Structure formats: structure tokens, C-alpha cells
> 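First, the structure itself, so that you have it in front of you.
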Amino acid sequence: MNDKRDIIVCEGVKKWFGDFQALKGITTSIKEQEVVVVIGPSGSGKSTFIRTLNRLEVHQEGTIVIDGVELTNDLKNIEKIRSEVGMVFQQFNLFPHLTVMQNITLAPIWVRKKPKAEAEADAMKLLDRVGIPEQAEKFPGQLSGGQQQRVAIARSLAMEPRIMLFDEPTSALDPEMIKEVLDVMKELALSGMTMIVVTHEMGFAKEVADRVLFFDYGLVVEEGTPEHFFTSPEHDRTKLFLSQIL
Amino acid sequence: MDAEITPIDPMLDDELAPESPPLSATMWMRENLFSTKANTVLTFVAVSIIAFIIRNVVAWIFAPNRGWEAVATNLRFYMVQAYPAGPEPEIPNQFVRVWVSAGSIVVLAALSLAAWKVGTKVAFTKLFATIRAAGAAVALVAFLGPPTQNLDLLSGIDFPVIGPLLAVAGSLLGFFIEAALMTGGRLVAFLIGAAIVVGAHLAAKATKPRGDDYGFHSLWMVFGAGAIVIVALWVVPFGHYFFLRGEVGFETGTIATSTSGPWTVIFLLAVGGYFLARWIVRLLGEKSLRSLLVLFWSLSLPVIVLFVLRDPDFNPAKDGGGFDFLPATDVWIWFIFGILGGLVIAGLSFPRLGELGRAASGLLVIGSLAMWAVPMLMRVRLIGFLFAMFAVGAQTFAGDRRARVRYVGLWVGLTTVLVVLFAAINTQSSLFIQGKTFLGGLTLTFVLALTSILLSFPIGLLMALGRTSSMPIFRVMSTMYIELVRGIPFITVLIFFDLILILFLPGNVEFDSVTLAILAGTLFSAAYLAENVRGGLQAIPKGQYEAARAMGLSTLQLTVFVVLPQALRAVIPALVGQTIAIFKDTSLVAIIGLFDFLFIADKVVPAQTIFLGIKLENIVFIAAVYWMFTFSFSRASLKLEKKVGLGEY
């Protein structure tokens with residue numbers, strides 16, 4: 001892993017919502033093809049952190065550099081970064097008025113300017129990859145939660161991103177459907193995608209993560225490999241958190 | 001992933017729900033009308049009130065001294081006001097223009113019915129049940145109809161306290177006794193109603209065993225009704241009223257051939273067109289026919305108003321006359337903007353151009369704004385501005401090759417239509433009409449309502465987006481406009497446009513009253529539409545924006561592809577409500593001297609020497625017409641909602 005270069009570099013990232021400070025100076029870097037799992041109690045700033053990485057939230061201090069491009073208010077940079085960073089949301093956020101196929105091909109056609117036929121062929125390949133090619137002409141409302149989230153993953157992948165952000169992708173799902181989504185994510189991790197995953201699925205973290213970040217009070221309290229993190233945590237706050245969830 | 005699990009059919013173990021036995025009529029009445037003592041009293045009171053109202057309305061309608069001939073004589077006047085049709089020799093009869101307009105709309109509608117495969121299967125049992133209910137209504141109305149004599153039993157008795165009570169009871173009793181003693185027309189109507197009930201009931205019983213599958217296509221009902229009306233026009237001696245040099249004449253016999261003839265031709269064309277279109281659909285599929293019809297529909301309003309029903313006062317180029325100026329100006333405008341401009345837009349829409357394309361279109365916008373500083377034809381400026389807007393959009397909507405071709409095609413089509421319409425306004429009309437405007441009556445009402453709605457739609461949409469925009473200048477401007485207009489009555493806006501607007505305009509600019517009314521209606525309803533659409537915009541979850549942004553869609557793309565389709569679906573009922581409101585509000589244009597549908601009923605017909613003071617009949621007539629249209633709108637909107645709104649959620 002050490003031969004890979006850093007693709008995301010964060011330096012003292014701070015973010016306020018009004019008077020409330022959500023991020024109190026995050027400094028970390030993520031290497032190409034690394035899978036980083038972010039855990040922490042609610043309100044710890046973990047979602048806010050990954051949302052600053054594609055500027056759905058604007059950080060007020062510090063710097064974020066993604067693939068050599070710094071995130072600033074320059075619209076051109078934001079567009080460039082957004083087309084390289086895919087994001088999967090807790091609530092799927094599929095477009096309910098478009099079919100699965102139209103959901104997936106929308107951005108490739110209008111942002112990447114791909115010919116429609118090519119975009120649809122690529123979309124079919126992605127639907128195959130996430131295991132639901134037969135649902136292409138259905139509307140999102142006709143699918144189960146797990147299927148919807150798999151479509152959302154395919155939709156992000158259609159832009160051929162180099163980095164994927166997952167914001168609690170399984171938190172809104174029935175227990176039965178969590179596995180099918182995690183399976184897709186594991187396959188994605190094995191294929192060498194750079195991934196940052198906010199999740200409460202400790203099994204996934206143990207099995208797939210290269211590194212775990214533990215957030216609390218808007219800070220990275222502890223970080224390390226899963227073995228280190230789950231077996232011999234150093235910080236008292238981490239121990240307390242782990243004792244409550246495991 | 002889930003392939004290895006054998007699926008269990010979820011319907012396998014379900015039992016059928018027990019069928020509830022049909023209620024008999026007496027059971028239904030006991031359950032719904034007489035379930036408690038209070039309910040029984042309420043039922044009697046309500047039935048008495050309804051009977052009282054029906055009786056008085058029927059009595060009023062059929063009273064022998066009603067002046068319905070004022071409506072019958074003025075039917076044409078109601079539809080198209082003073083369009084030259086009269087026998088007066090000095091004005092050539094131009095009424096064929098009206099027939100061409102009406103005919104093309106009816107035929108277009110018939111073709112659309114075929115192309116969109118409108119209509120469902122109607123079961124015979126359902127049809128007969130409906131006919132049975134209609135027959136019962138006829139019989140009931142006849143039964144409650146106007147009294148032929150006043151049976152006021154017990155009214156002469158003069159007891160204290162009990163006397164008035166007896167009088168009330170007596171008149172109620174008299175009401176029913178008298179109602180049962182039907183004679184003449186009422187008896188005939190009652191018997192006809194009863195015969196319909198019995199016949200339809202027997203027919204319904206006979207068809208019931210064959211089930212709901214035994215039926216016919218619902219359009220046959222439309223064609224059948226049309227055919228009955230057409231045959232009636234030729235056969236039934238309605239008699240016909242006409243004006244001759246200011247006097248009203250009356251002829252017995254069927255109505256004039258000048259009315260029944262054109263309607264027959266239109267009906268035959270519509271039916272023939274329908275079957276032709278069905279045949280084309282079977283042969284070539286419906287797609288090409290549908291796009292052709294959409295094109296025809298969108299052209300129909302301007303073409304009919306500007307070409308077929310043309311106003312002589314529409315032409316600033318009057319003294320030049322003829323068509324001499326066309327090759328000198330309009331053809332060139334079309335060539336430069338449509339063809340050369342189309343090539344420029346095609347070039348700008350290449351995805352590889354990127355920033356360079358945006359810079360170039362920015363320059364075009366500045367150039368188009370600079371055109372307002374240089375003296376030139378207004379139509380060149382307007383087309384130039386539209387051209388710059390299209391150039392700006394070129395980069396955003398440039399997808400694959402087909403999307404680009406469509407975009408350029410849209411521009412070329414739009415310029416063609418615009419240039420032809422501008423030319424139409426500037427050429428002389430061959431139509432001669434006395435008076436100020438060529439539009440009146442129901443036609444004017446429709447032209448005003450349709451144009452205002454169509455024009456106010458894009459403006460309202462932009463204003464709604466502006467009001468929810470994060471850019472303060474758009475937000476403040478839209479909010480100010482919306483709040484200002486919504487705080488002013490429509491009449492005030494109309495008067496403003498009629499009297500005050502002229503002071504703000506350059507000296508040589510003049511607007512026709514119809515144009516002013518359309519402007520006022522458009523800007524007024526745009527403010528309300530904006531508020532309706534804003535409701536839809538706010539109903540869209542934040543996640544939709546975030547997902548679209550995370551995929552890299554620009555703000556314009558996100559609005560067009562993600563936000564607006566969802567927002568508009570959510571507000572269909574509100575938009576239809578707004579459409580209905582505008583349709584009715586057009587009746588206010590009488591204020592600025594236009595002869596709309598209501599004004600004719602309220603002021604014009606009651607002032608005709610022969611019908612002096614006959615007003616109520618006219619008002620009732622136009623109320624029925626307004627209601628018929630607005631009711632159809634709201635029915636149609638229900639269908640639309642079901643089709644686009646619910647199906648996919």
C-alpha cells in the first residue's frame with residue numbers, strides 16, 4: 001500500500017453550522033485504492049466530513065486537495081472534482097420520475113456527453129455488476145430498498161469516478177437487505193476503488209477496511225488498521241464506544 | 001445474489017375475500033337515509049328543499065314568457081360576435097373563415113383521439129344503468145315541474161295558532177296532490193322518462209349475464225351522439241331565428257342550411273379523419289403521427305388567430321400593402337437567424353468547445369443587448385435576443401449527436417414560426433369588419449384564456465425559480481413582482497394596461513385592446529402560477545439536489561432534468577385550478593371595451609330593440625357554457641394526474 005500516492009489530502013479542515021463547530025480540524029490523507037471506514041457516534045461530524053470532500057458542505061478553514069486539485073470556490077474545480085468523486089447516500093436519492101436506466105444514464109449523457117446508446121450499454125454492464133439487470137425499465141418506487149441502493153451505486157459508478165464516498169449506505173435498509181448492498185461494496189473494494197465509507201457495520205469495517213477513522217466531537221479521536229482498532233484501542237473514548245456497540 | 005432462493009408465490013395461500021351481498025334498495029335506504037330519528041328528519045328536510053329548488057328552477061325555465069329566443073337568435077353572435085356573415089350586401093360574407101377554424105380544431109381533436117388511442121371499453125350494463133338514471137331524472141323533474149294550477153288547501157281556515165300550521169300543511173299536501181295531477185307537456189315528459197327507465201332497466205337485465213366484457217368502445221358513444229345531433233339539425237323543426245336589417249325574423253322548419261351544412265361537413269371530416277388516423281397508426285406506428293399532431297396543435301392558435309380570423313387593424317405596414325416587403329426583410333431575417341444562426345448554434349454545441357463556447361455565447365448576449373441601442377426593426381431585436389439565449393444553452397444541452405440535432409432543429413423551427421407570424425402581423429388582411437376588434441364572444445374568451453395561460457407558463461416558471469434561487473437579485477426581483485401583482489385586483493391590472501401603459505411606451509408604439517388584455521392576463525396569472533410552482537419546488541427533498549450535484553450536473557441541468565419534472569407533477573391540480581380561474585377571469589375584459597362572452601349576455605343582447613331587457617336567460621345560458629368547459633377541464637386534470645403523477649410512485 002505504501003507505494004501508492006495520496007489522492008485525498010486534508011489539512012486542518014474546520015466547519016461551523018452557525019455557532020456549532022462540526023469539524024474541529026481534521027488532518028488526514030487517503031491513498032489511492034485505500035478503503036477507509038469512518039465510524040463514530042451520531043453528531044460526531046463523520047457525515048459532514050465526507051460531504052466536505054465533494055463540497056456538498058463548504059469547509060471554512062483548512063485545505064482539501066483531491067487528486068492535486070484544491071477545493072475552493074472556483075466553480076471549475078468543483079465540477080472537475082464532482083465528476084471524479086461518486087457519492088452514495090443513506091436515503092438513496094434516486095430520481096423517482098426517471099426509470100432505473102434513465103437514472104444511471106442521466107449524468108453520463110449530459111455531463112460526460114456520451115452518446116445515448118453507449119451510455120445505455122455501459123449502464124447495462126453496471127446493472128449486471130450490481131446484480132439487477134432485469135430492473136432496468138422499472139421506476140425506483142417499484143424496487144426494494146436494497147435494490148434501490150444498488151441502483152444508486154451503479155448510478156455513481158456510471159460517471160467512472162476514481163473515489164467513492166458512502167454516507168451510511170445501509171442505515172435505511174431492512175436487515176435482510178443490508179447484505180446485498182455490502183456484497184456489492186466488497187466487490188467494489190476488491191476491484192481497487194478508493195472508498196471512504198461512513199457506516200455502523202463493524203463487520204464490514206473488520207473485513208474490508210484498510211484503515212478505520214474514529215470520529216467524535218468533530219475530531220479524529222483514533223485511527224489505525226482494523227486489527228489494531230478493534231482489538232487494542234488506545235483512547236478511552238474509543239473503548240467506551242466499542243464496548244457499547246459490540 | 002438472490003438467484004439460488006426458490007421464490008414462494010405470495011398469492012398461493014391467500015383465500016378470496018368473502019363477497020359482500022348486494023344491498024337491496026330498501027336496505028340501502030334504511031342504512032343511509034333512515035338509520036336514526038334525527039337522520040330521518042334530516043332526510044325529509046333535505047328532500048323537501050331539493051324538491052322546492054328543482055320545482056322553482058324548472059318552473060322558471062319552462063315559463064311561457066321566458067325569452068329564450070334571445071339566446072337562440074344570438075347564438076352566432078355569442079360565438080364570434082360581429083363576424084361578417086349577414087345578408088347585408090355591402091359586407092362580403094366571410095363566415096367561411098369561422099367554419100375553417102372550427103373545423104380544423106375539431107378534425108385535429110379527432111386525429112388526436114386516434115393517435116393517443118383515447119377511450120376505453122364501456123360495458124353495456126353500465127351504459128344502460130346510466131341511461132336508466134338519466135330517465136329517472138327526466139321523470140323526477142317532470143313530476144316536480146311547474147304547477148299548472150295552484151292548489152292551496154286549507155288556506156281559508158282562520159284558527160289561532162293552528163291555522164298557520166294547517167295552512168303550511170295544506171300547501172305541502174297541495175304540492176304533492178298537484179304534482180301527481182300532471183297534464184300536457186309535463187305528463188308527456190314524465191311518461192317519456194318512465195319509458196326510458198323501464199326500457200333501460202330491461203336492457204340492463206338482459207345484458208347482465210354476459211358480464212362486464214360485453215361492451216363497445218367509448219368513442220362510439222361520442223360519434224353516435226354527434227351523428228344524432230347532425231341528423232337532428234337536418235330533420236327536427238327547431239325553427240330558426242335570424243336578424244334581417246336589425247329586425248328579428250323567425251322561420252319554422254329546420255335550422256338554416258348555412259349552419260347545418262358546415263357542421264355536417266366538419267362531422268364527416270372528423271369521423272373520416274379518425275379512421276384514417278387509426279389506419280395510419282396501424283401501418284406506421286403512432287410515434288410520427290403524434291409528433292406531427294403536437295406540431296399542428298402548437299401552431300393552431302397563432303395560425304387561426306393571425307391568418308384565418310384576421311384583424312384588419314393588425315397591420316402597421318398598411319400603406320405599403322401587399323407582400324412587397326417580404327423578400328426585402330422577412331426572408332432575409334429568416335435566412336440570417338434561422339439558417340446561419342442555426343449553423344452557429346450547431347458549432348457552439350460541440351462538447352469539445354467547453355469554455356470557449358461559453359465565452360462566445362457570452363459575447364453574443366452582449367451583442368444582442370447592444371442591438372437595443374441601435375435603431376432597427378423590433379422583430380430583429382427580439383429574434384436576436386432569443387438567438388443569444390439559445391447560444392448560451394447550447395453547451396448545457398449538448399449531449400450526444402441526436403440531442404444536438406434536436407436542439408438546432410428546435411431553433412430553426414422556432415425562427416421559421418416566428419418570422420412567419422411576424423410577417424402575418426405586418427401584412428394586410430383581406431378581411432373586412434366593421435368595428436374595432438375582430439374577436440368577440442366565446443372565441444375571444446378562448447383566445448384570451450389560452451394565450452394568457454400558454455404565455456404565463458414560462459414566465460411563472462422562471463419567476464418561481466427566481467424566487468427560490470440563491471442569487472439575491474433574482475430572488476428580490478421575483479418576490480417583489482409576485483407580491484405586488486398578487487396584492488392587486490385583476491381589474492386594476494387591466495385598467496393599468498389599457499390607460500397607463502401607453503404613457504410609458506415610445507410614441508409610435510400602439511397596442512390593440514386584445515393584445516393589452518393578453519399582456520395583462522399573462523403577467524397577472526404568471527404571478528399566481530409562480531406561487532403554485534414554488535409550492536412544488538419546496539416539496540422536493542434536499543437529497544434530490546445533492547444527488548444531482550454529486551453527479552456533476554450543472555444548476556441548469558439539475559433544474560431541467562430533476563427538479564422541474566417532479567415539481568410540475570406535484571402541482572398539476574393547482575395549475576389546472578389556475579387555468580380555470582383565468583378562463584373565468586377573462587370575463588373582466590369588458591372593462592376595457594372588449595366584447596367577451598359575458599359582456600354580450602349582460603349588455604349587448606338585452607339592449608337589442610326586440611329583446612329589450614331580456615337578461616336572466618342570457619346569463620343562465622352563458623353560466624351553463626362556462627360550467628361545461630370548466631367542469632371538463634377539472635375532469636381532464638383528474639385523468640392527467642392519474643396518468644403522470646401516481647403511476648410510478
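All chains are named by letter (A, B, ...) in the order of the sequence lines, taking the proteins before the strands, and each is independently numbered beginning at 1. Only heavy atoms go into these numbers, but all of them, side chains included; no hydrogens, no water, no symmetry mates. All of these numbers come straight from a predicted model, not from anything done at the bench.
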> Above 12 or not: heavy atoms from other molecules or residues under 6.0 Å from CE of A/Met124?
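Counting other residues, nucleotides and ligands, CE of A/Met124 exceeds 12 neighbours.
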> What part of A/Arg155 gets within 4.5 angstrom of chain B, counting heavy atoms only: side chain, backbone, both, or neither?
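The side chain, not the backbone.
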> At a heavy-atom separation under 4.5 Å, does A/Asp167 approach chain B through its side chain, its backbone, both, or neither?
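When you check distances to chain B, no heavy atom of A/Asp167 falls under 4.5 Å.
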> Between A/Glu160 and A/Lys114, does any NZ, NE, NH1 or NH2 come within less than 4.0 Å of an OD or OE carboxylate oxygen?
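A salt bridge is present here (some side-chain N lies under 4.0 Å from a carboxylate O).
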> With the threshold set at 4.0 Å, does a side-chain nitrogen-carboxylate oxygen contact exist between A/Lys125 and A/Asp122?
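A/Asp122 and A/Lys125: salt-bridged.
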> For the pair B/Arg549 and B/Glu546, find out whether any cationic side-chain nitrogen is under 4.0 Å from an anionic carboxylate oxygen.
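Looking at B/Arg549 and B/Glu546, the cut-off is not met.
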> Go through the structure and list residues passing ring pair (Phe, Tyr, Trp, His ring centres under 6.0 Å) with A/Phe204, not counting sequence neighbours.
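In terms of ring pair (Phe, Tyr, Trp, His ring centres under 6.0 Å), with neighbours along the sequence ignored, A/Phe204 is linked to no residue.
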> Mind checking which of residues 453-476 of chain B sit less than 4.5 Å from chain A, heavy atom to heavy atom?
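Interface residues of residues 453-476 of chain B: none, nothing closer than 4.5 Å to chain A.
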> With chain B as the partner, which of A/Leu165, A/Ile78, A/Leu106 has the greatest number of non-hydrogen pairs under 4.5 Å?
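Max contact count across the listed options: A/Leu106.
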> Excluding sequence neighbours, so at least two apart, what forms ring pair (Phe, Tyr, Trp, His ring centres under 6.0 Å) with B/Phe561?
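By the ring pair (Phe, Tyr, Trp, His ring centres under 6.0 Å) rule, B/Phe561 matches A/Trp110.
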> Among A/Asn54, A/Leu56, A/Ile81, who wins on heavy-atom pairs under 4.5 Å with chain B?
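Result: the option with the highest number of such pairs is A/Leu56.
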> Checking heavy atoms, do the side chain of A/Ile132, its backbone, both or neither come under 4.5 Å from chain B?
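Interface part for A/Ile132: neither.
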> Under 4.5 Å from any heavy atom of chain B, what part of A/Arg51 do you find: side chain, backbone, both or neither?
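Just the side chain, heavy atoms under 4.5 Å.
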> Go through it in stages, so that I can follow the logic: the residues are A/Thr99 and A/Lys138, the test is side chain to side chain contact (heavy atoms under 4.5 Å, CB included), and I'd like the CA-CA distance, side-chain angles, deciding distance and then a yes or no.
CA-CA 5 Å; A/Thr99 62; A/Lys138 288 201 181 150; over 6 Å; no
> Side-chain polar contacts of residues 84-92 of chain A - donor-acceptor pairs under 3.5 angstrom, sequence neighbours left out - could you list them?
none

